[in-house]
Amino acid sequence: MSDATSRTATKRAAPSLDVARISVSLTSVHKVEADGVQVFYRTAGEANRPAILLLHGFPSSSFMFRELIPRLADDYRVIAPDLPGFGFTEVPPERQYSYTFDRLALTMEAFTQALKIDRYAIYAFDYGAPTGFRLAMAHPDRVTAIVSQNGNAYEEGLGEAWGPIRKYWVAPTAENRDILRQSILTAGGTRWQYTHGVANPESVPPESYTLDTALLERAGNREIQLDLFLDYASNVKLYPKFQEYFRKSKPPLLAIWGKNDPFFIPAGAEAFRKDLPSAKVQFLDTGHFATETHVVEIASAMKDFLAANGPNRPATESAAQR
């Protein structure tokens, strides 16, 4: 091929103006010290945009938001930390960290302070819900809106899959602890959480549950997870306080749930309307990890909801509605 032919071919391969205008917000990864912990987080979007704090659940990490973050970052500053005990957040041994939900919330509060985020919407999934609701109760003026994706605050939302863990709450014996270790904290148990209730289980990207499995295998991590299983009972005891916060502060709330979730069943999403009659409730035909199969629908619903109710609202308007 001659140089002239090569240059012509290059010109023909050049993108059109329409393609060139397409921009995708890149997600970057960072670490910051907060509460004596090196918190790993993913973020995208300009720093001066309204903030959304994405809080993951068990047994995942901020990796679960890899497809959601860039879909929101054109309009928001999106921040997704790894909770202590999960993902790539590092807790120094000398910190003698107590793995309870009270402590997770305190660490996340310190994390928001380290990043100088004083107002934000919360995306609360699974463990992220009791963590985020604690933040909201402590500082209702900071939380502009809540998106609950299978993030529970009501007894009626606890499905039958909680049976073995409930037994552990009542009798925290070594035997019951080992039952959970052998049944839930396994590669098969993790994969099941991702694929149960999904119309086509093979459509779930394997890197999701494979990464979670690898991180659960780290020395000492299973014991951390078993401690959190036991402490989850503290969240159930706090449900009335969460509900009081909803009634008093009236945060705008979108409950968008995978309706086939065996852990947090649809009744939990509907229950938000008891305390927040204006809550928006939407169900998706999928399981617990709805972002793995319905991220487009979730992002679209979030954008519509947050545009009307979220962190763009002035603080004075938010306070007046409470």
Side-chain angles (χ1 to χ4, degrees), residues 35-37 39 55-61 64 81-87 89-93 95-110 124-135 137-138 148 150-190 192-194 196 209 212-213 215-243 261-265 268 288-289:
D35 191 28
V37 174
V39 179
L55 297 174
H56 69 83
F58 170 84
S60 59
S61 67
M64 70 168 282
D82 288 356
L83 296 174
F86 298 87
T89 285
E90 297 178 358
V91 181
R95 174 64 178 78
Q96 297 184 329
Y97 196 83
S98 175
Y99 287 91
T100 66
F101 285 89
D102 281 346
R103 190 77 252 170
L104 295 184
L106 288 171
T107 302
M108 287 299 100
E109 180 178 352
F125 166 71
D126 189 81
Y127 279 12
T131 303
F133 296 158
R134 279 172 168 82
L135 289 178
M137 284 197 308
S148 170
N150 298 75
N152 194 53
Y154 296 86
E155 280 272 5
E156 52 263 56
L158 296 174
E160 293 182 2
W162 282 94
I165 298 177
R166 282 185 179 274
K167 185 177 179 181
Y168 182 44
W169 296 344
V170 175
T173 63
E175 179 184 1
N176 285 336
R177 189 174 175 97
D178 196 54
I179 288 173
L180 298 179
R181 183 186 289 108
Q182 300 299 327
S183 60
I184 299 178
L185 300 179
T186 65
T190 298
W192 179 83
Q193 291 182 64
Y194 273 86
H196 180 84
Y209 50 80
D212 289 355
T213 299
L215 294 174
L216 285 174
E217 293 290 336
R218 290 176 295 180
N221 193 270
R222 283 199 177 101
E223 301 311 310
I224 290 171
Q225 303 308 327
L226 290 165
D227 288 348
L228 287 170
F229 285 169
L230 185 60
D231 192 62
Y232 199 92
S234 72
N235 300 327
V236 180
K237 290 178 182 178
L238 272 180
Y239 282 175
K241 291 290 187 181
F242 294 161
Q243 294 155 20
D261 186 346
F263 295 99
F264 300 118
I265 59 178
H288 186 59
F289 283 96

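Starting from 1, each residue takes its place in the sequence as its number.
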Where [X] and [Y] come nearest, the two heavy atoms and their spacing:
X	Y	answer
Gly87	Ser61	CA-CB, 3.6 Å
Ala161	Pro164	O-CD, 3.6 Å
Ile265	Gly159	CG2-CA, 3.7 Å
Pro262	Trp192	CG-CH2, 3.5 Å
Tyr239	Ala153	CG-O, 3.3 Å
Pro84	Thr107	CG-CG2, 3.9 Å

Measure centre to centre between the rings of Phe289 and Phe125, then say whether the value is under 6.0 Å. yes
Distance in Å, [X] [atom1] paired with [Y] [atom2], rounded so as to fall on 0.5 Å steps:
X	Y	atom1	atom2	value
Thr173	Asn176	OG1	CG	3.5 Å
Leu55	Ser148	CG	OG	11.5 Å
Phe101	Tyr127	CZ	OH	4.5 Å
Glu217	Leu185	CD	CG	9.0 Å
Thr186	Leu180	OG1	CG	11.5 Å
Asp261	His196	CG	NE2	8.0 Å

Are [X] and [Y] side-chain neighbours, meaning at least one heavy-atom pair lies under 4.5 Å?
X	Y	answer
Tyr194	Ser60	yes
Asp212	Phe86	no
Leu228	Leu104	yes
Arg134	Leu238	yes
Met108	Pro81	yes

Okay, side chain of [X], backbone of [Y]: is any donor-acceptor separation there less than 3.5 Å?
X	Y	result
Gln193	Ile184	no
Asn152	Tyr154	yes
Ser183	Ile179	yes
Arg218	Leu215	yes

Could you walk me through whether Leu216 and Thr190 pass the side-chain contact (heavy atoms from CB on, under 4.5 Å) test, one step at a time? CA-CA 10 Å; Leu216 285 174; Thr190 298; 3.6 Å; yes
Is there a donor in the side chain of Asp82 and an acceptor in the side chain of His56, or the other way round, less than 3.5 Å apart? no
Do Glu223 and Arg177 sit within salt-bridge range, that is, some charged N less than 4.0 Å from a carboxylate O? yes
Under the side-chain contact (heavy atoms from CB on, under 4.5 Å) criterion, do Phe133 and Lys241 qualify, and how do the steps go? CA-CA 9 Å; Phe133 296 158; Lys241 291 290 187 181; over 6 Å; no
Start with the C-alpha gap between Glu155 and Arg166, add the side-chain angles, then the distance that decides, and say whether salt bridge (charged side-chain N to carboxylate O under 4.0 Å, His left out) holds. CA-CA 12 Å; Glu155 280 272 5; Arg166 282 185 179 274; 3.3 Å; yes
Could you label the plane-to-plane angle of the Phe264 and Trp162 rings as parallel, tilted or perpendicular, counting under 30° as parallel and over 60° as perpendicular? tilted
Sole residue of Asp227, Asp35, Asp231 in salt bridge (Lys or Arg N to Asp or Glu O under 4.0 Å) with Arg103: Asp35
Any chance you could lay out the ring pair (Phe, Tyr, Trp, His ring centres under 6.0 Å) test for Phe229 and Phe58, step after step, and finish with the verdict? CA-CA 10 Å; Phe229 285 169; Phe58 170 84; 5.1 Å; yes
Using the rule given for side-chain contact (heavy atoms from CB on, under 4.5 Å), can you reason through Val39 versus Glu90, listing the C-alpha separation, both sets of side-chain angles and the distance that settles it, and then say yes or no? CA-CA 7 Å; Val39 179; Glu90 297 178 358; over 6 Å; no
Dump the intermediate steps for side-chain contact (heavy atoms from CB on, under 4.5 Å) on Val37 and Tyr97, then the final yes or no. CA-CA 9 Å; Val37 174; Tyr97 196 83; 3.8 Å; yes
